[in-house]
S.K.: 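Structure in structure tokens, see below.
What you see below is based on every heavy atom in this structure, not just the backbone, and it leaves out hydrogens, waters and symmetry mates. The chain is numbered in sequence order, starting from 1.
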Amino acid sequence: MHDRLSKKDTTMTSQDNDRVLIFDTTLRDGEQSPGATMTHEEKLEIAELLDDMGVDIIEAGFPIASEGDFRAVSEIAERSKASTICGLARANFKDIDRCAEAVRKAARPRIHTFIGTSPLHRAIPNLTQDEMAQKIHDTVSHARNLVDDVQWSPMDATRTEWDYLCRVIEIAIKAGTTTINIPDTVGYTAPMESADLIKRLIATVPGADDVIFATHCHNDLGMATANSLAAVAGGARQIECTINGLGERAGNTALEEVVMALKVRNDIMPWSTGIDTRKIMHISHRVATVSGFAVQFNKAIVGKNAFAHESGIHQDGMLKNKETFEIMRPEDVGLAGTSLPLGKHSGRAALRDKLSQLGYEIGDNQLKDVFVRFKDLADRKKEVFDDDIIALMRVGEDAENDILQLVSMKLTCGTGGPAEATVEMEVDGKDVSATSQGDGPVDATFKAIRKIHPNTARLQLYQVNAVTAGTDAQATVSVRLEADGNIATGESANTDTVVASAKAYIHALNRLIVRREKIGEGADTREISYKDI
């Protein structure tokens, strides 16, 4: 069982000194990363994983932004088991009413409303300090009349004048907010400032002892995790974060980093969370997959190299005593202690056991599907390692309902001339083929795909990573496309790099098609000013 708070405990005050609430905004702030848009089903899956791992508050979306966001927040609220489900709302009654409707079926609903309070942000709606103060009072009061749990954020708080920040926080507290979130919206502050700001606000603002202070940090200067932990030292008891640090620009505070920092260095940071850390690696892989944002190899906690040791001195030390060069156990974050390879003779039971070790609990039907792809991979590789299995689960297979699907490919490459690719695809259920030449096999393949499905998408990113060592290693390919302001990312893995490239490109095109259809239906109206909170 996780150390999960009761409903009463989620409205604890700043005086509760040993517990830090984890507020995950992967589905809201994280999804705002260009190209990171998730499908409805993917949002539901990630929310379930967050709930299961012990996240206290899940910010499920921005209900007024689109009908899709509203449906996702509503369904997550209805399905949630233990987590508080939160929706975001700007400082107006229409947003707040829509948010309240979306979260109303949650066992623990929360409305998170915000307004930019710094001089730069006050200029956007052209409000005086007094006009903004009145707006804060009215909107927070309205939200509190709809739900018992209201969070309020002064956007760009770290660049707001001290006296005015204290004034509006006091107004929000008196209007009924239960959590005051202090956003470092543009990643401007430094750790000593972060700690001092929270400490001074708690000491200065009347009623501060009756609410929870939260911290929301962006990573523009690479200090989001440090700023969040410093804020906790200053008295904050809620950290806003995302899986893998996903988020606008340079991202947000990474959940896995603050949680493991509090766990590993509990000697100097004597606070706890309710997170089951053994589930971190699995949800990290899933978020990387559905967002299309691969985790950098040297990323703290969840990067591929986080528990890898190559130099002779390090390997020698690890063989003698693992604590020589590891400050935490791989098992603590959901990694198998050893990497035992499977092969083509391995059966379903062995595969299920390996998946369980890696954090994947799947049903019989899904196992059957994964086993087919595992056998196909095992026929092409001598040994299938943990990372191969993870890659297999991450990229899955092409969705049955995708408009575009790869059927077959044929390549001709010469040393003195252009490469030629013949690609056969299924388009809306019909087989179509095309042949193109290009500067290398990947370029020729992409040109053939564009012949089959004409498009103006611009290639923003093409990235190839080997999953394991060896000439038979799987290649994981990420492709990011942009068309008419819409960005989509596709990913695929295969022992043939060109096949993986084609599938990743087609995956991204399918996502662009879905995104364009949503906008064509008038469902997506994200060009509203909530992006950087």
S.K.: Report yes or no: does N455 contribute a side-chain atom to a donor-acceptor pair with the main-chain N or O of H453 at less than 3.5 Å?
M.R.: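 Between the backbone of H453 and the side chain of N455 there is a qualifying donor-acceptor contact (under 3.5 Å).
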S.K.: Taking only residues two or more places apart in sequence, or in another chain, which ones meet R278 in a salt bridge (Lys or Arg N to Asp or Glu O under 4.0 Å)?
M.R.: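 Partners of R278 by the salt bridge (Lys or Arg N to Asp or Glu O under 4.0 Å) criterion, ordered by chain and then number, come out as D276.
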S.K.: Distance from H112 atom NE2 to I57 atom CD1, nearest 0.5 Å?
M.R.: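 Rounded to the nearest 0.5 Å, the NE2-CD1 separation comes to 11.0 Å.
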S.K.: Indicate the ring-plane relationship of H282 and Y360, choosing parallel, tilted or perpendicular according to the 30° and 60° boundaries.
M.R.: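 Aromatic pair H282/Y360 classed perpendicular.
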S.K.: Centre of F62's six-membered ring, under 6.0 Å away, within 45 degrees of the axis: is that where NZ or CZ of R90 sits?
M.R.: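 Not satisfied by the 6.0 Å and 45° rule.
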S.K.: Are the side chains of I124 and H121 in touch, meaning some heavy atoms are under 4.5 Å apart?
M.R.: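 Yes, their side chains come closer than 4.5 Å.
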S.K.: Are E42 and R286 within salt-bridge range, i.e. N to O under 4.0 Å?
M.R.: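 The answer is no: the pair does not qualify as a salt bridge.
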S.K.: Got T476 and V464 here, is their nearest side-chain heavy-atom distance under 4.5 Å?
M.R.: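 Side-chain contact under 4.5 Å: no.
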S.K.: Is the number of heavy atoms from other residues, nucleotides or ligands within 6.0 Å of CG (N298) greater than 12?
M.R.: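 Check passes, neighbour count above 12.
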S.K.: Do we see a donor-acceptor contact under 3.5 Å between the side chains of S478 and Q463?
M.R.: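 No, Q463 and S478 have no side-chain donor paired with an acceptor closer than 3.5 Å.
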S.K.: Indicate yes or no for a side-chain donor-acceptor contact from N227 to the backbone of T189 under 3.5 Å, with no hydrogens or angles considered.
M.R.: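 The answer is yes, because a donor-acceptor pair under 3.5 Å joins these two groups.
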S.K.: Does E48, at its CD atom, have more than 12 non-hydrogen atoms belonging to other residues, nucleotides or ligands within less than 6.0 Å?
M.R.: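 It does not: E48 CD has 12 such atoms or fewer within range.
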S.K.: Quick one: do R98 and D69 make a salt bridge, cutoff under 4.0 Å?
M.R.: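 No, R98 and D69 are not salt-bridged.
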S.K.: Within the 4.5 Å heavy-atom criterion, are H507 and V479 side-chain neighbours or not?
M.R.: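 Side chain of H507 against side chain of V479, heavy atoms only: no contact under 4.5 Å found.
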S.K.: Backbone N or O of I362 within a donor-acceptor pair of the R352 side chain at under 3.5 Å?
M.R.: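 Between the backbone of I362 and the side chain of R352 there is a qualifying donor-acceptor contact (under 3.5 Å).
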S.K.: Charged N to carboxylate O under 4.0 angstrom, K368 versus D364?
M.R.: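 Salt bridge: no.
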S.K.: Is it true that, when you exclude N365 itself, more than 12 heavy atoms of the residues, nucleotides or ligands shown sit nearer than 6.0 Å to its CG?
M.R.: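 Not buried by this count: 12 neighbours or fewer within 6.0 Å.
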S.K.: Please determine if K503 and E491 form a salt bridge, counting it only when a charged side-chain N lies under 4.0 Å from a carboxylate O.
M.R.: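 A salt bridge is absent here (no side-chain N lies under 4.0 Å from a carboxylate O).
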S.K.: Checking side-chain polar atoms at under 3.5 Å, does T225 have a donor or acceptor matched by the opposite partner on E257?
M.R.: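 There is such a pair between these side chains.
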S.K.: Would you confirm whether D56, through its side chain, and I22, through its main-chain N or O, come within 3.5 Å as a donor-acceptor pair?
M.R.: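 Yes: the side chain of D56 pairs with the backbone of I22.
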S.K.: Kindly check if the number of other-residue, nucleotide or ligand heavy atoms within 6.0 Å of OH (Y462) is above 12?
M.R.: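 More than 12 heavy atoms, drawn from other residues, nucleotides or ligands, come within 6.0 Å of this atom.
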S.K.: Roughly how far, to the nearest 0.5 Å, is CD1 of I243 from CD1 of I283?
M.R.: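 Rounded to the nearest 0.5 Å, the CD1-CD1 separation comes to 4.5 Å.
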S.K.: Have a look at D184 and tell me which of T253, T158, N219, T215 forms a side chain to side chain donor-acceptor pair (under 3.5 Å) with it.
M.R.: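 Exactly one pass, corresponding to T158.
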S.K.: Residues in salt bridge (Lys or Arg N to Asp or Glu O under 4.0 Å) with D332, at least two apart?
M.R.: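 With neighbours one apart ignored, the set is R329.
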S.K.: Ion pair present between D369 and R373, side-chain N to carboxylate O less than 4.0 angstrom?
M.R.: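 Looking at D369 and R373, the cut-off is met.
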S.K.: When rounded to the nearest 0.5 angstrom, what distance separates CG in D379 from OG1 in T495?
M.R.: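 Atom-to-atom, D379:CG and T495:OG1 are 10.5 Å apart.
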S.K.: Checking T289 side chain against H285 main chain: does a donor-acceptor pair fall under 3.5 Å?
M.R.: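 Looks like yes, one N/O pair under 3.5 Å.
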S.K.: Charged N to carboxylate O below 4.0 Å: is that the case for E424 and K410?
M.R.: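 Salt bridge: no.
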S.K.: Where is the tightest heavy-atom contact between P63 and C99, given as atom of each residue plus distance?
M.R.: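 Looks like CG-CA, 3.9 Å.
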S.K.: When you check the gap from the basic side-chain N to the acidic O, do E75 and R71 get nearer than 4.0 Å?
M.R.: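 Salt bridge flag = no for R71 with E75.
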S.K.: Could you tell me whether a side-chain N or O of D439 sits under 3.5 Å from a main-chain N or O of P418, the two making a donor and an acceptor?
M.R.: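 Pair absent, no side-chain N/O of D439 close to backbone of P418.
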S.K.: What distance do I506 atom CD1 and I449 atom CD1 have between them, rounded to the nearest 0.5 Å?
M.R.: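 Answer rounded to 0.5 Å: 4.0 Å.
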S.K.: Side chains of V302 and V333: closer than 4.5 Å at any heavy-atom pair?
M.R.: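 The answer is no; the side chains never approach within 4.5 Å.
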S.K.: Could you grab the distance from atom NZ of K263 to atom CD of E256, nearest 0.5 Å is fine?
M.R.: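 Rounded to the nearest 0.5 Å, the NZ-CD separation comes to 15.0 Å.
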S.K.: Strictly below 4.0 Å, N to O, side chains only: are D156 and R159 in salt-bridge contact?
M.R.: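 Yes.
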S.K.: What distance separates D29 CG from L246 CG, expressed to the nearest 0.5 Å?
M.R.: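 Reported value, rounded in 0.5 Å steps: 8.5 Å.
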S.K.: Indicate whether the side chain of T242 and that of N252 have a donor and an acceptor atom separated by less than 3.5 Å.
M.R.: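 N252 and T242 do not have a side-chain donor-acceptor pair below 3.5 Å.
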S.K.: Between D484 and N486, is there a donor-acceptor pair closer than 3.5 Å when you use the side chain of the first and the backbone of the second?
M.R.: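 Absent.
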S.K.: So do the side chains of L481 and L461 get within less than 4.5 Å of each other, counting heavy atoms only?
M.R.: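 The answer is no, as the side chains (C-beta and beyond) never meet within the 4.5 Å cut-off.
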S.K.: Any donor and acceptor pair, going by atom type alone, linking the side chain of N494 with main-chain N or O of T497 inside 3.5 Å?
M.R.: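 Such a contact is absent between N494 side chain and T497 backbone.
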S.K.: Kindly give the heavy-atom pair with the smallest separation between L221 and Y188, and that separation in Å.
M.R.: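 Scanning both residues completely, I find the closest heavy atoms to be CD1-O, 4.0 Å.
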